[in-house]
2 protein chains.
Amino acid sequence: MKQVAALAGVGAKTVSRVINDEPRVAPETAARVWDAIRALDYHVDMRAGSLRRAGGRTLTLGLLVSSVDNPFAGEVHRGVEDVARARGVAVLAVSLHEDPVREKSAVEDFIRRRLDGIILSTTSTDVSYLSTTLIRGMPMVFIDRRPLGLSVDAVTSDNREAAALATRSLIARGHRRIAFLGERSTIRTSAERHQGFLDAFGEAGVPTGEATVIFGLSSAREAQEALGALLDSDQPPTAVFGGQNLITVGALHALHSRGMQHRIALIGFDDLELADLLDPGVTVIRQDPRKLGRVAAERMFSRLDGGVLAPEHIIVPTEFIERGSGEILAPR
Amino acid sequence: MKQVAALAGVGAKTVSRVINDEPRVAPETAARVWDAIRALDYHVDMRAGSLRRAGGRTLTLGLLVSSVDNPFAGEVHRGVEDVARARGVAVLAVSLHEDPVREKSAVEDFIRRRLDGIILSTTSTDVSYLSTTLIRGMPMVFIDRRPLGLSVDAVTSDNREAAALATRSLIARGHRRIAFLGERSTIRTSAERHQGFLDAFGEAGVPTGEATVIFGLSSAREAQEALGALLDSDQPPTAVFGGQNLITVGALHALHSRGMQHRIALIGFDDLELADLLDPGVTVIRQDPRKLGRVAAERMFSRLDGGVLAPEHIIVPTEFIERGSGEILAPR
DNA sequence: GTGAAAGCGCTAACAT
DNA sequence: ATGTTAGCGCTTTCAC
């Protein structure tokens, strides 16, 4: 910057004014400065700017997701990015792989980088460690999973109701031996979907005794093996509820590899690419992850724009898409 | 930091030493400093550190991909992240949506942020604007697509050979009216795969007159419509080559919606989730995007570690997976 | 309309 | 083993 100033024959402050197009610069001075900038191929150093500037914005948002290669997370990321990009803000995404230790260290890294805010899908049961972060003034918006015991902004799907709706439809088709396949039960969405699953039994006055609930599945392969064992048992389920995208993929593999996809009902949480082309088509509860991301980012910017807002829980509706696999009747 | 120093009764530099655990600090002094750090919930400001420190590393890598919600890009991102994370480096991913203007402005943003290096899948035909970036000393590794006219590191698949192999297998099964569906022909991978497609005809001594080549498809929907029009024409193709993951998805929809999936052969570039569960299974050329990301990141760190390396083109092999759709014979 | 001085929070270089 | 001074590249403040 000093070089640019020297070449243009002005002071450093004038270069700064030109770059940030502040008013009160003579047009011809500005032109000379631009010439020098081009001649020297100069680009401001944002680190220095954000260090000195009041407010100290880094124009960067942190995003914590399960994994950047999970399609659900990819869509969320896209939604956040679309909104952030329009404001010249970049997104630093980090994969947690459902590890609370990584979560904590990622948040600390974000603090050291002085990011403007954090959008996170927490994997921890106890997020109390975040309260100090909040106090430090770093805005946070939770996405997909609402934390327990912290009054904060959250943008989620209507997990419990959607799971209840799907389960109700299975029960109405005569299913009782329904297998619920979920992630760790400490993951909020997993617990809520399970709760919805139970709700449907309760409403219908059907005992849950014949249902099987499996938690702790963290990959398609694990889900495939878990369901495979059930299917090969004496009392295989007549219907399956896939608690999340990867789990449903695993369940599909277990069913298809046994040729059971037309006999055993399946409903999955999250839509899947090509789900409509399988035979039978896969019935799903479709979330709108991109919208979750967009809404969370918008909320974040409302806060950053200085709104003093009470914490809010925003719910993005899901869609129940019947394609065939969920409409298979229980054998009588 | 000053507050921490005051509370611990030491100078600022000592706090700095403790944080960066430099040697020559008395254990008990360090303990006092740590106590103060915890008491004040202090976290260093990386911006200031990287501004002052020799070398000025920001511990951040830039990643330019087609779109963060594309599964291929997600896998690449994951590969880069895995390697970067092990070194405490974060990844700033930006979606280009195949727009050269965005590419240029994203690179400029990366320069302003003083990122340590850029891993990019370029969408531009002319990357000469990057030569000044290189001169500024920002290391770059190209991934997936090798740029023309710039001698740089690149990590790609063996696009041409893989496409030739697949096309050869279609020709051997009697197909002549093969439809090649690709992205814009200015995208390097698209051009290379097309070249491989032509190579196979050449080797076999088969004229390409009956083949149809369509470029410029940029979404599954566009691919579906383009193939749909071909299928509904007088001379529909007997086989289809899907030039990329989204295109293959669109092609599958076009075929299945017409019930033609068992009559018309299909081979896709890129594997798809659930491709093995469709009927027929989808034959694909599987790239290893995560490995592309890992290798590119490793190359990047070799440069950052000070290696003075000649630009290299690293090729990650693909795998031809026959699942049924590609083995359909041409009608005689 | 422009520039000089001070300082953002940290670390390099040199004390001691 | 620790502290002091200077300065990274910018923007704020204030003077002209």
Side-chain angles (χ1 to χ4, degrees), chain A residues 1-37 40-60 108-116 136-138, chain B residues 1-37 40-60 108-116 136-138:
Chain A
M1 174 151 159
K2 264 193 274 188
Q3 298 176 43
V4 172
L7 183 58
V10 298
K13 175 64 217 188
T14 297
V15 176
S16 170
R17 269 193 267 262
V18 170
I19 290 168
N20 302 293
D21 54 36
E22 291 173 29
R24 242 162 292 185
V25 182
E28 51 182 60
T29 311
R32 279 214 322 286
V33 171
W34 279 120
D35 286 345
I37 287 173
L40 296 173
D41 189 38
Y42 168 76
H43 299 267
V44 228
D45 187 331
M46 280 178 59
R47 295 172 300 178
S50 95
L51 192 60
R52 186 64 181 89
R53 207 187 296 271
R57 293 280 166 84
T58 50
L59 298 182
T60 315
E108 281 169 355
D109 183 56
F110 286 173
I111 294 174
R112 285 192 297 268
R113 291 172 183 272
R114 299 294 189 269
L115 302 193
D116 299 338
R136 285 185 116 281
M138 180 165 291
Chain B
M1 175 151 159
K2 264 192 276 189
Q3 298 176 43
V4 173
L7 183 58
V10 299
K13 177 64 214 190
T14 298
V15 177
S16 171
R17 270 193 266 262
V18 170
I19 290 169
N20 301 292
D21 52 38
E22 292 173 29
R24 242 160 293 183
V25 181
E28 51 183 59
T29 310
R32 279 213 322 286
V33 171
W34 280 120
D35 286 346
I37 287 174
L40 296 172
D41 189 36
Y42 168 77
H43 299 267
V44 228
D45 188 330
M46 280 178 59
R47 295 172 299 178
S50 96
L51 194 59
R52 186 64 181 89
R53 208 186 297 271
R57 292 281 167 84
T58 49
L59 298 183
T60 315
E108 281 169 355
D109 184 55
F110 286 173
I111 294 174
R112 284 191 298 267
R113 291 172 183 271
R114 299 296 189 269
L115 302 193
D116 299 338
R136 285 185 116 281
M138 180 166 292

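Here is how names work: the chains are called A, B, and so on, in the same order as the sequence lines, proteins then strands, and each is numbered from 1.
Between B:Tyr42 and B:Met1 there is a side-chain heavy-atom pair separated by less than 4.5 Å. Taking the side chain as every heavy atom from C-beta outward, B:Ile19 and B:Ile37 approach each other to under 4.5 Å. Side-chain contact between A:Val15 and A:Arg17 is absent, with no heavy atoms from C-beta onward closer than 4.5 Å. Contact of the B:Arg112 side chain with the A:Asp45 side chain is not registered, since no non-hydrogen atoms from C-beta on lie closer than 4.5 Å.
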What side-chain donor-acceptor pairs closer than 3.5 Å can you find for residues 50-60 of chain B, not counting sequence neighbours?
| unit_1 | atom_1 | unit_2 | atom_2 | d |
| --- | --- | --- | --- | --- |
| B:Ser50 | OG | A:Arg47 | NH1 | 2.8 |
| B:Arg57 | NH2 | B:Leu304 | O | 2.9 |
| B:Thr58 | OG1 | B:Arg114 | O | 2.9 |
| B:Thr58 | OG1 | B:Asp116 | OD1 | 3.2 |
| B:Thr60 | OG1 | A:Arg113 | NH1 | 2.7 |
| B:Thr60 | OG1 | B:Thr58 | O | 2.9 |

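Note on A:Arg53: only backbone sugar-phosphate atoms sit closer than 4.0 angstrom, heavy atoms only; bases stay farther off. Across all strands, B:Ser50 comes closer than 4.0 Å to no nucleic acid atom at all (heavy-atom distances).
Rounding to the nearest 0.5 angstrom, the gap separating the CD atom in A:Glu22 from the OG1 atom in A:Thr14 is 10.0 Å. Distance CD/B:Gln3 to CG/B:Leu40: 6.0 Å, rounded to 0.5 Å.
The distance from atom CZ of A:Arg52 to atom C1' of C:dA5 is 11 Å, rounded to the nearest whole Å. When rounded to the nearest whole Å, the span between CD of B:Gln3 and P of C:dC8 equals 12 Å. Look at CG on A:Leu59: it is 12 Å from P on D:dT11, rounded to the nearest Å. Rounded to a whole Å, the CD1 atom of B:Ile37 is 10 Å from the P atom of C:dC10. Note: CD1 (B:Ile19) to P (C:dG9) measures 13 Å, nearest angstrom. Computed from coordinates, the B:Leu51 CG to D:dT11 C1' distance equals 13 Å when rounded to whole Å. Per the geometry, CZ belonging to B:Arg136 stands 11 Å off P belonging to D:dG9, to the nearest Å. A:Arg24 has its CZ atom 14 Å from the P atom of D:dT12, to the nearest Å.
Against DNA chain C, the stretch residues 40-47 of chain A makes no heavy-atom approach under 4.0 Å.
End-to-end axis angle of the helix from C:dG1-D:dC16 to C:dT16-D:dA1, using five pairs per end and rounding to 10°, comes to 30°.
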Between the protein and nucleotides 13-15 of chain D, list the N/O to N/O atom pairs that are separated by less than 3.5 angstrom.
none

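Of all the heavy atoms in B:Phe110 and B:Met138, the pair that sits closest is O-CE, 4.0 Å. The shortest heavy-atom contact between A:Val33 and A:Ala8 is CA-CB, 3.9 Å.
Comparing D:dT11, C:dC8, D:dT2 against the side chain of B:Ala26 picks out D:dT2 as the nearest. Side-chain proximity of A:Met1 to the nucleotides D:dG3, D:dC10, D:dA1 is greatest for D:dC10. The side chain of A:Ala48 lies closest to D:dG9, out of C:dG1, D:dG9, D:dT2.
The shortest distance between the side-chain N/O atoms of A:Ser16 and the OP1/OP2 oxygens of D:dC10 is not below 4.0 Å. Between B:Thr14 and D:dG3 there is a side-chain polar atom (N or O) within less than 4.0 angstrom of OP1 or OP2.
Under the salt bridge (charged side-chain N to carboxylate O under 4.0 Å, His left out) criterion, B:Arg24 pairs with no residue at all, not counting sequence neighbours. Annotation: side-chain hydrogen bond (donor to acceptor under 3.5 Å, both in side chains) contacts of B:Thr29 (sequence neighbours excluded): none.
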